Amino acid sequence: MPRSGWAAAVASGRPRPRRDPGEHARTPRRWRGERGLVVKTYVFPGQGSQKKTMGGGLFDEFDSLTQEADAILGYSIKELCLEDPDNRLNRTEFTQPALYVVNALSYYKKLQESERPDFLAGHSLGEFNALLAAECFSFGTGLRLVRKRGELMAQAQQGAMAAVLNASEQEIRTILEENGLTSIDLANFNSASQIVISGPPEDIKAAKPLFESGKHLFAPLNTSGAFHSRYMEPARREFSRFLEGVTFSPPKVPVISNVTARPYEDHRAKELLAEQLTSTVRWSDSVQHLLGMGEMVFEELGHGNVLTKLINKIRRESPEPPRPGPVTVQQPLSAQETVRLWNERHPVGTRVRSTIGEYQDLETATPATVLFGHRAAVYMVGYRGYFDLTEIESGN
């Protein structure tokens, strides 16, 4: 497909041609769906979606931008993402630049075949890509910001995080308060039933048995710090000072902020990016806000489909607006049927991936089983605990 002048310039690394003054404000092509006007949002994933081989042929296709990234970072971003010879890809200070570059190149690739979206959003680190796509700063400026952010977050030691499943915000807050664990913050509202907590390692460990009874599940995350919590305040202050030297342009497309779950206001861009380090990532609220904008189509750009799964989960957990005419609802599988199908397709020893955290090289130790009469789960080697079948996927 022939590239437009702008897309070709991005691919080659040449300066972008000047657009007509009104082109930025052009309304993307829309159509009408069952519930009214259809609008589109591009979303960008954050830390936890990285994987060796991510980016594929994008580095060669956008060679000039890849070279620019190498010059800024002082190492080969292509080698890090495709080969990771020194096992650095899962270290925060390397993970964040790698994801930013892959997300950015994925977006530039998308622009060759599609118009701009109506909205942009990103989960934590991914918000920098949303702001890049909205032309708030250049590719190189964004990469320098992300590199600094990753370095500061990597310095935040002695912290831990965990995902709590099947518990509401109020349930979690009540349980923590009743057990004297007020040192723990709620870091991510990924969906109504998937909330991440953050705090001192000993307190996260103490919280584990509190969320392993009944329908609740507890999954520690592989992080070195208590991200998105009060414990990131030193990093927030330092990042805020770093941001003072950066110029931001007003977004050309509305970007939803993790902090407010609403579109960025021009004068608050630097404040919100710094505050993001200590604030809760309000992803569920952000998606709910976007769902209220019309018949929303989400497209995830970057590696993997973590956000796509979360958005589908949020949709399932949200009240459905009334639809005209009869609707046939597909009933979810029972726990027993889910276990039966899993055991038919996956022998003991199957390698799986977690869809809720940074667990790698998981391997099933037993056949799947039904716990507590309603929970389809399987026991994992190394983790020494059960994972819900709805929160893992086969590595095959």
Side-chain angles (χ1 to χ4, degrees), residues 48-49 51 160-172 174-176 179 181 184 186-198 201 204-223 283-284 304-318 330-396:
S49 61
K51 182 184 179 182
M161 303 177 74
V164 177
L165 309 178
N166 304 325
S168 68
E169 174 188 353
Q170 190 54 55
E171 283 181 291
I172 295 173
T174 299
I175 289 172
L176 292 176
N179 288 273
L181 294 174
I184 293 177
L186 274 57
N188 295 357
F189 293 154
N190 286 334
S191 75
S193 63
Q194 185 184 125
I195 296 173
V196 175
I197 59 176
S198 184
I204 296 295
K205 183 177 180 180
K208 187 174 187 289
L210 304 177
F211 297 103
E212 291 187 319
S213 61
K215 64 178 182 178
H216 298 160
L217 297 173
F218 186 94
L221 304 182
N222 183 22
T223 62
W283 183 250
S284 180
N305 59 358
V306 170
L307 295 185
T308 300
K309 291 180 178 180
L310 276 180
I311 290 167
N312 289 338
K313 187 178 182 71
I314 292 167
R315 285 186 188 273
R316 290 195 302 269
E317 295 173 349
S318 302
Q330 184 176 358
Q331 296 298 319
L333 294 176
S334 67
Q336 290 77 10
E337 183 67 8
T338 300
V339 165
R340 184 185 68 78
L341 291 173
W342 174 273
N343 288 334
E344 283 181 359
R345 301 168 184 170
H346 304 94
V348 172
T350 296
R351 300 178 75 83
V352 300
R353 293 185 294 268
S354 168
T355 61
I356 62 169
E358 295 180 36
Y359 293 97
Q360 297 188 355
D361 300 324
L362 292 171
E363 182 179 320
T364 61
T366 66
T369 188
V370 178
L371 301 178
F372 313 114
H374 64 84
R375 176 185 165 197
V378 63
Y379 198 86
M380 295 295 173
V381 173
Y383 176 71
R384 292 186 297 179
Y386 284 93
F387 267 76
D388 194 300
L389 293 183
T390 64
E391 304 295 350
I392 58 175
E393 57 185 15
S394 171
N396 296 331

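These numbers come from the heavy atoms of this one structure, side chains and all, not from hydrogens, waters or symmetry mates. None of the values given here were measured: they were computed from a predicted structure. Just so you know, residue 1 is the first one in the sequence shown, and it goes up from there.
The distance from atom CD of Q336 to atom CG of L341, rounded to the nearest 0.5 Å, is 12.0 Å. A distance of 4.0 Å separates CD1 of I195 from CD1 of I172, quoted to the nearest 0.5 Å. For the atom pair T350 OG1 and L362 CG, the distance stands at 12.0 Å (nearest 0.5 Å). Rounded to the nearest 0.5 angstrom, M380 CE and I392 CD1 are separated by 3.5 Å. Distance check: K208 NZ to L210 CG gives 11.0 Å after rounding to the nearest 0.5 Å. From K309, atom NZ reaches atom CD1 of I314 across 14.5 Å, with rounding to the nearest 0.5 Å.
When each of V196, L307, L165 is paired with N190, the side chain to side chain contact (heavy atoms under 4.5 Å, CB included) condition holds for V196 and for no other.
The minimum heavy-atom distance between A207 and I197, with the atom names listed, is CB-CD1, 4.4 Å. Taking all atoms of both residues into account, the shortest heavy-atom contact from A192 to E317 is N-OE1, 3.1 Å. The two residues I204 and S198 have their closest heavy-atom pair at CD1-C, 3.9 Å. S49 approaches V306 most closely through the heavy-atom pair CB-CG2, 4.3 Å.
Side-chain atoms of D388 come within 3.5 Å of backbone atoms of T390 as a donor-acceptor pair (strictly under, hydrogens ignored). When atom types are taken as modelled, the side chain of T364 and the backbone of G349 share a donor-acceptor pair closer than 3.5 angstrom.
Partners of E171 by salt bridge (charged side-chain N to carboxylate O under 4.0 Å, His left out), not counting sequence neighbours: none found.
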> Does the side chain to side chain contact (heavy atoms under 4.5 Å, CB included) test come out yes or no for T369 and W342, once each step is laid out?
Replying inline: CA-CA 10 Å; T369 188; W342 174 273; over 6 Å; no

> Hey, mind stepping through R340 and E344 against side chain to side chain contact (heavy atoms under 4.5 Å, CB included) and telling me if it holds?
Replying inline: CA-CA 6 Å; R340 184 185 68 78; E344 283 181 359; 2.4 Å; yes

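Using the six-membered ring where Trp is involved, H216 and F211 have ring planes that are tilted, between 30° and 60° apart.
Between V378 and V352, the closest side-chain pair of non-hydrogen atoms is not below 4.5 Å. For the pair S193 and K313, the minimum side-chain heavy-atom distance is below 4.5 Å.
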